[in-house]
Amino acid sequence: MFDAVLKKYQVKGSFTFRPHEIVKDKCNAPTNQSGVYLIYQVFPDKEELLYIGRSGQKINGKLVHRKTGLGGMKDRLVNGYHPKFGRILRRISFPQEMIKQNIA
């Protein structure tokens, strides 16, 4: 299923992450591009979609990428905020929430 979704995009990738790891080191998202990202919890026999997000904005018909921090989609994933967790950076909130929900 995951592979079929990714075939629609020209630039694609994935990475795994565990709560004890550093998101910035694991994330291989582009720093100069925007797009859609899907966050899954992976089990031995299935994948469960947890969140769909996007980075970048359309301004006057042109897609504008993040230029601050790490840049692009990588900055959104590492330094962005997840609406459910308030104004806590994802690099902090993701591991906290994974531990809280017993996601390893």
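- Counting heavy atoms from C-beta outward, Pro19 and Phe94 have side chains that stay 4.5 Å or more apart.
- The CD atom of Gln96 lies 8.0 Å from the CD1 atom of Ile99; values are rounded to the nearest 0.5 Å.
- In this structure a side-chain-to-backbone donor-acceptor pair under 3.5 Å is missing from Asp75 to Gly80.
- Counting only distance, with no hydrogens or angles, the side chain of Glu21 and the backbone of Arg18 share a donor-acceptor pair below 3.5 Å.
- For the atom pair Thr16 OG1 and Tyr40 OH, the distance stands at 15.5 Å (nearest 0.5 Å).
- In this structure a side-chain-to-backbone donor-acceptor pair under 3.5 Å is missing from Lys67 to Asn32.
- The CZ atom of Arg91 sits 12.5 Å away from atom SG of Cys27, with the distance rounded to the nearest 0.5 Å.
- When every heavy atom of Ser34 is checked against every heavy atom of Gly56, the shortest pair comes out as OG-CA, 3.3 Å.
- The heavy-atom pair separating Phe15 from Asn28 by the smallest distance is CD2-OD1, 3.6 Å.
- Once rounded to the nearest 0.5 Å, the distance linking NZ of Lys100 with CE of Met98 reads 14.5 Å.
- Under the 4.5 Å side-chain criterion, counting only non-hydrogen atoms from C-beta, Tyr81 is not in contact with Ile88.
- At most 12 non-hydrogen atoms from other residues, nucleotides or ligands lie less than 6.0 angstrom from CG of Asn60.
- Not a single donor-acceptor pair under 3.5 Å links the side chain of Arg76 to the backbone N or O of Ser55.
- Counting heavy atoms from C-beta on, the side chains of Ile52 and Tyr37 never come closer than 4.5 Å.
- Between Asn79 and Leu89, the shortest heavy-atom distance links the atoms O-CD2, 2.8 Å.
- The 12-atom threshold is exceeded at CD of Gln41, counting heavy atoms of other residues, nucleotides or ligands nearer than 6.0 Å.
- The cluster map of Ile, Leu, Val, Met, Phe, Trp and Tyr, joined by side-chain heavy atoms under 4.5 Å apart, puts Ile92 and Ile22 in different clusters.
- Note: Arg54 CZ to Leu38 CG = 14.5 Å, rounded to the nearest 0.5 Å.
- Taking a 6.0 Å sphere around CG of Asn102, one finds it holds 12 or fewer heavy atoms contributed by other residues, nucleotides or ligands.
- Applying the under-4.5 Å side-chain rule to Ile, Leu, Val, Met, Phe, Trp and Tyr, the cluster around Leu63 consists of that residue alone.
- The minimum heavy-atom distance between Leu77 and Arg90, with the atom names listed, is O-CB, 3.2 Å.
- For residues 41-69, every residue pair satisfying the ring pair (Phe, Tyr, Trp, His ring centres under 6.0 Å) rule, not counting sequence neighbours, is listed here: Tyr51-His82.
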